[in-house]
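Report on one structure; see the data block that follows.
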There are 2 protein chains.
Amino acid sequence: MSKRNSSAALKTEQQAHVFAALGDPTRLSLVAKLLDRKPHSISTLAEGNKITRQAITKHLTVLENVGLVSKIKEGRESLYELDPKPLKSLQEYLEIIATQWDQALNDLKSFLED
Amino acid sequence: MSKRNSSAALKTEQQAHVFAALGDPTRLSLVAKLLDRKPHSISTLAEGNKITRQAITKHLTVLENVGLVSKIKEGRESLYELDPKPLKSLQEYLEIIATQWDQALNDLKSFLED
DNA sequence: TCAATATGCAACAAAATAGTTGCATTTAAA
DNA sequence: TTTAAATGCAACTATTTTGTTGCATATTGA
């Protein structure tokens, strides 16, 4: 079919993984904490949470597996920082969807005005 | 602290539910099929899928629970159609995030240019 | 009315998730 | 060199998810 080069044209499968990674309140709040684009240690990210540090580590691994965060070992701590690419991709994906339904509405409008 | 009235200011918890609903390849493909904004029966939506109709029904229920689709019973069939509001909300949510990280980059830039 | 179509419902099983606890390892600091 | 801090790793449990099968119910059409 049509050829697209933008990152928004990734397979549905891939996008679903990113959606899934964001589909947990704990992980979404972790992403929110990382929005300052600065590296945060696991301990820092685990602060204030009700669940254990180990659980937080697992969530960070999930985010890392879909490329939403990257991990850098520095001294005795592991620093995580956000990678905006997958989020950008999702944004574009939703834009495409929005375009499609706007198109559907316009088609309907044209039809009704006929 | 700042007050926002847009639907993008919903709780993280709520957004996470929508992300989770989209975080499954089968469900995401169902949403794609519904993008024409027309009502589709369960059988129609199940066509071509490898999994059973009953499984599709469950996925549709998940989508319905987060408000992404609505169900209308017509005769002997159940018609599902897309509701774009939650998707719009997600889009705005991602836009806010994008704004935040752009801001972070600008702050960094200003700092470095100092 | 009878048969085919479209769903609904419920019980069940397998697999993935989310979280915990306990202990080992590595690094920084007193 | 001790101690405290930050993680890593593994085993284990509980819950949720995903999907199946079998059967019942409701509708449409010949």
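The structure presented is a predicted model; accordingly, all values stated were derived computationally and were not measured. Side chains are part of it too, since the values below use all heavy atoms of this structure and drop only hydrogens, waters and symmetry mates. Just so it is clear: chains get the letters A, B, ... in the order the sequence lines come, proteins before strands, and each one is counted from 1.
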Filtered N/O pairs between nucleotides 21-25 of chain D and protein, under 3.5 Å:
residue	atom	partner	partner atom	Å
D:dG22	O6	B:Gln54	NE2	3.0

Please pick, from [options], the nucleotide with the shortest atom-to-atom distance to any side-chain atom of [X].
X	options	answer
B:Glu77	D:dA6, C:dA6, D:dT18	C:dA6
B:Ala55	D:dT20, C:dA18, C:dG19	D:dT20
B:Ile42	D:dT20, C:dT7, C:dG19	C:dT7
A:Ser41	D:dT7, C:dT7, D:dT18	D:dT7
B:Ser78	C:dT20, C:dT7, D:dT7	C:dT7

Determine whether a donor-acceptor pair (N or O, by modelled atom type, separation under 3.5 Å) exists between the side chain of [X] and the backbone of [Y].
X	Y	value
B:Ser89	B:Lys85	no
A:Arg27	A:Leu22	no
A:Asp36	A:Lys38	yes
A:Thr57	A:Arg53	yes

Without decimals, in angstroms, what is the distance between [X] [atom1] and [N] [atom2]?
X	N	atom1	atom2	answer
B:Leu45	C:dA6	CG	C1'	13 Å
A:Leu30	C:dG19	CG	P	11 Å
B:Ile56	C:dC9	CD1	C1'	18 Å
B:Leu79	D:dT27	CG	P	14 Å
A:Ile72	C:dT27	CD1	P	17 Å
B:Glu74	C:dG8	CD	C1'	18 Å
B:Ile51	C:dA13	CD1	C1'	16 Å
B:Leu63	D:dT17	CG	P	13 Å

Inset, instruction - Measure the CG-CG distance between A:Leu45 and A:Leu60 for me, rounded to the nearest 0.5 Å. - result: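 So the CG of A:Leu45 and the CG of A:Leu60 are separated by 5.5 Å.
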Inset, instruction - Measure the spacing between CD of A:Glu92 and CD of B:Gln91 and express it to the nearest 0.5 Å. - result: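 Result: 11.5 Å between the selected atoms.
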Legend entry - Heavy-atom closest contact (A:Asp83 atom, A:Gly67 atom, distance): CB-O, 3.5 Å
Inset, instruction - Output all residues satisfying side-chain hydrogen bond (donor to acceptor under 3.5 Å, both in side chains) with B:Thr44, sequence neighbours left out; order by chain, then residue number. - result: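 If we apply the side-chain hydrogen bond (donor to acceptor under 3.5 Å, both in side chains) test to B:Thr44, skipping adjacent residues, the hits are B:Ser41.
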Inset, instruction - Dump the intermediate steps for side chain to side chain contact (heavy atoms under 4.5 Å, CB included) on A:Leu90 and A:Gln15, then the final yes or no. - result: CA-CA 7 Å; A:Leu90 268 201; A:Gln15 301 286 6; 3.1 Å; yes
For nucleotides 1-5 of chain D, list the nitrogen or oxygen atoms of the protein found under 3.5 Å from its nitrogen or oxygen atoms, one pair per line.
residue	atom	partner	partner atom	Å
D:dA5	O4'	A:Arg76	NH1	3.3

Inset, instruction - Give A:Lys58 one of three labels, base, sugar-phosphate or nothing, depending on what nucleic acid heavy atoms sit under 4.0 Å from its own. - result: base
Inset, instruction - Please work out whether the ring planes of B:Phe19 and A:Phe19 are parallel, tilted or perpendicular, with thresholds of 30° and 60°. - result: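 Answer is tilted, since the angle falls between 30° and 60°.
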Legend entry - Phosphate-side-chain proximity, B:His59 and D:dG19, N/O vs OP1/OP2 below 4.0 Å: yes
Legend entry - Distance test, side-chain N/O of A:Lys50 to OP1/OP2 of C:dT20, below 4.0 Å: no
